[in-house]
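Letters go in sequence order (proteins before strands), and every chain restarts at 1.
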2 protein chains.
Amino acid sequence: MAYTIKDVAKKAGVSIATVSRVLNNQPGFSEKTKKKVQHVIEELGYEPNAVARGLINNKTHTIGVLFPELSSMLVTDFLNGIETMAHELGSSVIVCHTEADGEKTMKYLQLLNEKRIDGIIFVSAILKEEYYNYIRKMGIPMVLLSTESYSYPVPYVKVNDQHAAYSATKYLLNKGHKKIGMISGNKDDLIAGKPRIMGFEMALKDQGIAFTENNIIYSKGFGFQDGLDGMEKLMKQSPEISAIFAASDEIAFGALSFAYQHGIKIPDDVSIIGYDNLSIAEMAIPPLTTVGQPLIKMGKTAASMLFEMLESGNVFVENRILPHEILERETVREKR
Amino acid sequence: MAYTIKDVAKKAGVSIATVSRVLNNQPGFSEKTKKKVQHVIEELGYEPNAVARGLINNKTHTIGVLFPELSSMLVTDFLNGIETMAHELGSSVIVCHTEADGEKTMKYLQLLNEKRIDGIIFVSAILKEEYYNYIRKMGIPMVLLSTESYSYPVPYVKVNDQHAAYSATKYLLNKGHKKIGMISGNKDDLIAGKPRIMGFEMALKDQGIAFTENNIIYSKGFGFQDGLDGMEKLMKQSPEISAIFAASDEIAFGALSFAYQHGIKIPDDVSIIGYDNLSIAEMAIPPLTTVGQPLIKMGKTAASMLFEMLESGNVFVENRILPHEILERETVREKR
DNA sequence: CTCTTTTACGTAAACGTTTACGTTGGGTGG
DNA sequence: CCACCCAACGTAAACGTTTACGTAAAAGAG
């Protein structure tokens with residue numbers, strides 16, 4: 001069994017209060033006893049019990065992160081940013097994957113509540129009323145990452161999806177493309193689906209190009225398979241298209257893959273721009289031009305927002321819209 | 001402030017001991033008081049404090065996972081498997097990323113020790129003496145994932161790297177290739193580097209083909225850039241090569257990318273087989289033939305081994321060598 | 001030198017549980 | 001009817017800390 005503060009106190013010939021004081025560097029001890037206590041701590045290899053500390057301080061220095069799925073390629077970077085910042089600020093992170101399932105999410109929330117975590121980062125999923133109410137009752141701060149809530153006052157960090165989609169489309173237009181298609185995500189997804197579609201549509205309209213349902217494919221999700229299927233449909237539906245805006249990098253990979261299988265040359269026959277800038281975007285063949293989100297930065301930002309709330313005690317903090325950026329690589333070609 | 005067991009006890013008109021008993025379903029209460037207590041619990045929305053429980057039970061139902069880096073594409077799948085199994089068995093997982101830095105690793109271990117986690121999964125890095133001794137002192141079980149220790153008796157789950165590399169090379173030989181090159185990882189890496197090199201070498205020798213230093217490139221790591229550079233060197237060094245064994249999928253992607261940039265047709269000009277079967281392997285262009293590790297399964301296995309040790313109290317449990325598997329896709333072609 | 005303040009501690013309660021032990025009351029066997 | 005047992009509780013200690021409060025000695029003021 002590990003040593004306790006009592007062992008240290010006894011061996012150093014002081015009370016446990018004194019040991020606690022030097023441990024937390026609180027006033028009330030002489031330089032001499034400090035040395036003595038520290039020496040005993042060193043000697044025994046004593047390390048304080050964070051569980052006991054958590055009990056009395058009502059603080060566990062642990063935060064929870066809820067991902068809808070751990071298989072998405074976004075999570076690596078998000079998690080990376082979150083963990084880095086959290087650790088820098090002295091906290092650990094517990095990961096959960098809810099599989100976008102309401103019941104599982106509630107179970108996780110309950111678990112996190114019982115563990116008395118200090119805060120929650122909720123990633124890439126819609127914040128249902130049930131979740132919000134529960135977390136509210138928990139009385140701990142939360143921030144949304146790569147999602148937002150129209151119904152509840154919860155701070156979030158995101159890029160502006162509509163703007164980013166607008167930028168991507170505009171980029172294609174600037175390259176001289178007129179017939180532009182889109183492989184979108186779910187149009188009923190108000191967070192990542194609809195806004196990107198709207199940005200696409202708006203960019204076309206601003207350029208005086210008619211938006212037609214013929215030029216867009218609505219997928220179920222944002223995955224590779226969606227891109228594969230979407231590309232097939234789009235090519236069949238509107239073969240005259242010269243450029244495509246894919247609503248995610250994974251969709252773009254699917255599109256690239258379909259193109260490869262069917263002898264469509266990218267970017268010679270058709271240009272493609274993705275969305276996300278996953279680390280594998282530059283590994284694609286050809287390297288994927290995409291509108292990038294600062295993923296790691298977003299994770300870090302979410303974490304620091306959470307800690308800001310923890311320290312200040314405020315339940316709210318300013319939202320952060322992080323800038324997107326076009327990464328010019330090799331899947332888009334100038335249209336003569 | 002959340003309700004405590006006292007609130008429940010008072011409101012139900014019983015002692016806290018009784019509440020605790022119905023909570024943990026321990027004998028010593030009548031059906032009637034059970035109903036009464038449960039009703040109050042429901043009414044107040046009481047949820048037990050896991051921190052207090054952890055203090056008295058010496059069990060936090062939390063495990064720690066140490067990754068060298070969160071950017072590697074392997075972590076997603078490993079983490080997925082670990083988290084799934086851990087959650088199934090009632091535990092949470094804290095992720096750490098050590099950046100393969102000794103000092104940081106020790107800091108993380110100390111943190112995890114203070115948090116009194118139940119066990120540790122140590123992933124894809126060498127277990128230094130310092131780490132081992134510390135964890136040993138912590139007195140909690142640990143298992144190694146995708147790594148092993150020659151010096152210390154720590155159970156691990158891995159695939160047999162040498163066998164897998166042998167299989168990959170053999171596969172190329174069976175396809176009629178005679179001049180085979182390898183882009184390896186670090187040859188001084190006794191875990192993931194050397195064994196794969198040895199498997200490669202052995203397969204060649206078994207087929208009566210001389211192994212020459214000309215046919216192998218030693219990289220620093222297993223990343224994309226290593227593949228990019230490695231491919232360049234290899235093509236310059238041994239242009240007669242018709243097939244390549246890449247020591248990781250990321251290396252293979254780098255090789256693919258280099259080939260694309262320099263007009264080398266895969267698999268027409270040269271065949272490539274990778275190692276890992278990352279989820280993006282099938283998204284590659286062309287889809288990557290590779291020798292796959294059952295990544296999610298490995299994560300799950302590591303977690304269940306850990307819990308087996310926790311339950312049995314044994315400090316050791318049988319190692320698991322999981323089977324690898326050749327995924328035939330489109331980067332290898334039969335040599336006429 | 002005396003009185004007051006400050007420093008350097010120690011004592012004990014508190015955090016929210018679990019659990020060993022003690023205490024009832026009703027039931028059973030004889 | 002008595003002795004006994006067992007089910008159904010309650011009491012209190014324990015887990016390892018932090019911290020309010022008390023106290024003795026040292027330091028400072030006059």
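- Thr33(A) has a side-chain polar atom (N or O) that falls below the 4.0 Å cut-off from OP1 or OP2 of dC9(C).
- Of the candidates dT17(C), dC15(C), dT17(D), dT17(C) carries the atom nearest the Asn49(B) side chain, counting heavy atoms from C-beta on.
- Within the 4.5 Å cutoff, the side chain of His87(B) has heavy atoms near those of the Leu111(A) side chain.
- Between Ser20(B) and dT18(C), a side-chain N or O to OP1/OP2 separation shorter than 4.0 Å is present.
- Between Asn319(B) and Phe316(B), the closest side-chain pair of non-hydrogen atoms falls below 4.5 Å.
- Residues Ile16(A) and Thr4(A) fail the side-chain proximity criterion, which asks for heavy atoms closer than 4.5 Å.
- In this model, the phosphate group of dT19(D) is approached by a side-chain N or O of Gln26(A) to a distance below 4.0 Å at OP1 or OP2.
- As a whole-Å value, the separation of Lys59(B) NZ from dT17(C) P is 19 Å.
- Among the protein residues, Pro48(B) comes within range of the sugar-phosphate backbone only, with heavy atoms under 4.0 Å from sugar or phosphate atoms but none that close to a base.
- The listed nucleotides are dC15(D), dT18(D), dT18(C); the one nearest the side chain of Ile16(B) is dT18(C).
- For the pair Ile56(B) and Val14(B), nearest-nucleotide mapping onto DNA chain D gives the more 5' position to Val14(B).
- Taking 4.0 angstrom as the limit, Thr18(B) places a side-chain polar atom (N or O) nearer than this to OP1 or OP2 of dG10(D).
- Applying the 4.0 Å criterion to OP1 and OP2 of dC9(D), one finds that Ser30(B) has a side-chain N or O inside that range.
- For Leu55(A), counting side-chain heavy atoms from C-beta on, the closest listed nucleotide (dG16(C), dA12(C), dT17(D)) is dG16(C).
- The shortest distance between the side-chain N/O atoms of Tyr3(A) and the OP1/OP2 oxygens of dT17(D) is not below 4.0 Å.
- Taking side-chain N and O atoms only, Arg53(A) has no distance below 4.0 Å to OP1 or OP2 of dG16(D).
- Below 30°, between 30° and 60°, or above 60°: for Tyr131(B) and Phe122(B) the angle between ring planes is between 30° and 60°, a tilted geometry.
- A heavy-atom distance below 4.5 Å is found between the side chains of Leu74(A) and Leu278(A).
- Between Arg116(B) and Arg21(B), the residue whose closest nucleotide on DNA chain D is further toward the 5' end is Arg21(B).
- Considering only side-chain N and O atoms, Asn24(B) lies under 4.0 angstrom from the phosphate OP1 or OP2 of dT18(C).
- For dG10(C), one of the phosphate oxygens OP1 or OP2 lies less than 4.0 angstrom from a side-chain nitrogen or oxygen of Ser15(A).
- Of the listed nucleotides (dT19(C), dG16(D), dT17(C)), dG16(D) has the atom at the smallest distance from the side chain of Ala52(A).
- The interatomic distance linking Lys6(B) (NZ) with dA12(D) (C1') rounds to 12 Å, in whole Å.
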